[in-house]
Amino acid sequence: MNLERIPNEEKLSLCRKYYLGGFAFLPFLWLVNCVWFFKEAFVKPAYTEQPQIKTYVKRSALGLLLWVTVLTTWICIFQHFRAQWGEVADYISFTIPLGTP
Amino acid sequence: MVVVVATIKSVSFYTQKDGQQLIYTPFREDTETVGQRALNSILNATIMISVIVVMTLVLVLLYKYRCYKVIHAWLFFSSLLLLFFFSFIYLGEVFKTYNVAMDYFTLAVIIWNFGVVGMICIHWKGPLRLQQAYLIMISALMALVFIKYLPEWTAWLILAVISVYDLLAVLCPKGPLRILVETAQERNEPMFPGLIYSSTMVWLVGMADNGETRNNSSSSSSSPPPQQESHGDFALEDDGGFTNEWVGQQEQRLGPIQSTDESRREIQQMASARPPPPDDDEERGVKLGLGDFIFYSMLVGKASATASGDWNTTLACFVAILIGLCLTLLLLAIFKKALPALPISITFGLVFYFATDNLVRPFMDQLANHQFYI
């Protein structure tokens, strides 16, 4: 999809849909939103819909950052304490590495 | 293809013969005599091919009678399956290979994100690069499944027969794929999403009759002054021919543990020469069917999995396929018609594989043994 070719209103609505979609536990969607609309929001010369696109991109970036921190903390906690938690850890593990206690 | 080779090399899951076969290949290959094995593999291949043919015909019929909903639902469902289920299995195996712990929560988030964004990109609107990446990934997944679940001789036979079928189906006037492409042209309609890989974006301008939408199809055009495309790798011109690749789908049943169906796509590359409607704002790129990707990857993957010559053979097949693809694109430029993408590349690939495996390998070994460097 070539962003060059679609009119501004559609760009806005697309950005908005991606932003709203990200609330369904989809930080990846927010990432795509940020990257894709980055040029539109910040690099291009101003047009009427641009401020709104900017807000959406900024909020997506914020949400993305939040998710990344949450996930990273959880992963660190899990990897570190997995062995110590015993049964509970085994229960929530998808794969269990061999050889480590 | 690189992804498939890398996976085959590292994850042994895909090369283990755990005895399961797809329901479409009911004949076993570990039989006693060579003759029986050959017979079984021929039968297997015949069954697979006939299933493919039937599915293609069904698809063409559906298209002709405008049962669009059915087709869309089918495509939707199969891409859903691919994106979620197969990537789930794939990730699981990769984690097991690298001995990494993973909890269900993180896994769920990853798979959910991957799948949903994939569905959005392929079936709705999304950035072009991402869509291409997704299509490549699902083709690779498909190829991996084939490599695992098809017995040896059957796989090679299938590759050979598919290319012949491809040739026939596209070029013969009565071929189903040709009918499909022509019908699509008559109705001025886009090809379905999720079946075709395009290297540039094709755009629909909201015109009443003339507009054409294509979702990510790459079509190569023959005479190409470069247009003002920001994306295309290939320079395209509007009045060049475009190639469509058609994908037919096939349902296969996996081994007894999973009762899911897997769809297989067969893609044909077609180009039709057509002058564009004058006020149509279209870019055409090169369109390659996903099935082509799948079979190329399958060939290279099988080569790396089973060849005694290891990297030599794999590289040779790789090169062969790429050369075949370039030749095909060249022919496309010359003929400006729908062309099958499989035959040339697969033929080269197969020839190179068997030649390298049987001839080059012993040669190199002997050289190394005698410390004789060329």
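The sequence lines fix the lettering, A, B, ..., with proteins before strands; numbering per chain opens at 1. Note that these values count all heavy atoms, side chains included, but never hydrogens, waters or copies made by symmetry.
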Mind checking whether Leu14(A) and Trp124(B) have side chains closer than 4.5 Å, heavy atoms only?
yes
Quick check on Phe114(B): does its CZ atom have over 12 non-hydrogen neighbours (other residues, nucleotides or ligands) under 6.0 Å away?
yes
Minimal non-hydrogen separation, Phe105(B) against Leu71(A), with atom names:
CE2-CD2, 4.4 Å
Side chain / backbone / both / neither for Ile75(A) at chain B, heavy atoms under 4.5 Å
side chain
Rounded to the nearest 0.5 Å, the CH2 atom of Trp67(A) sits from the CG atom of Asn113(B) at a distance of 7.0 Å
Side chain to side chain contact (heavy atoms under 4.5 Å, CB included) evaluation trace for Tyr18(A) with Ile120(B)
CA-CA 10 Å; Tyr18(A) 267 66; Ile120(B) 290 180; 3.6 Å; yes
Shortest non-hydrogen contact from Phe25(A) to Trp112(B)?
O-CD1, 3.4 Å
Less than 4.5 Å to any heavy atom of chain A: does that hold for the side chain of Ile110(B), its backbone, both, or neither?
neither
I want to check something: taking the side chain as every heavy atom from C-beta on, are Thr106(B) and Phe78(A) in contact at a cut-off of under 4.5 Å?
no
Of the non-hydrogen atoms in Val32(A) and Pro127(B), which two are nearest, and what is the gap between them?
CG1-CG, 3.8 Å
How long is the straight-line distance from CG of Leu130(B) back to CZ of Phe28(A), given to the nearest 0.5 Å?
5.5 Å
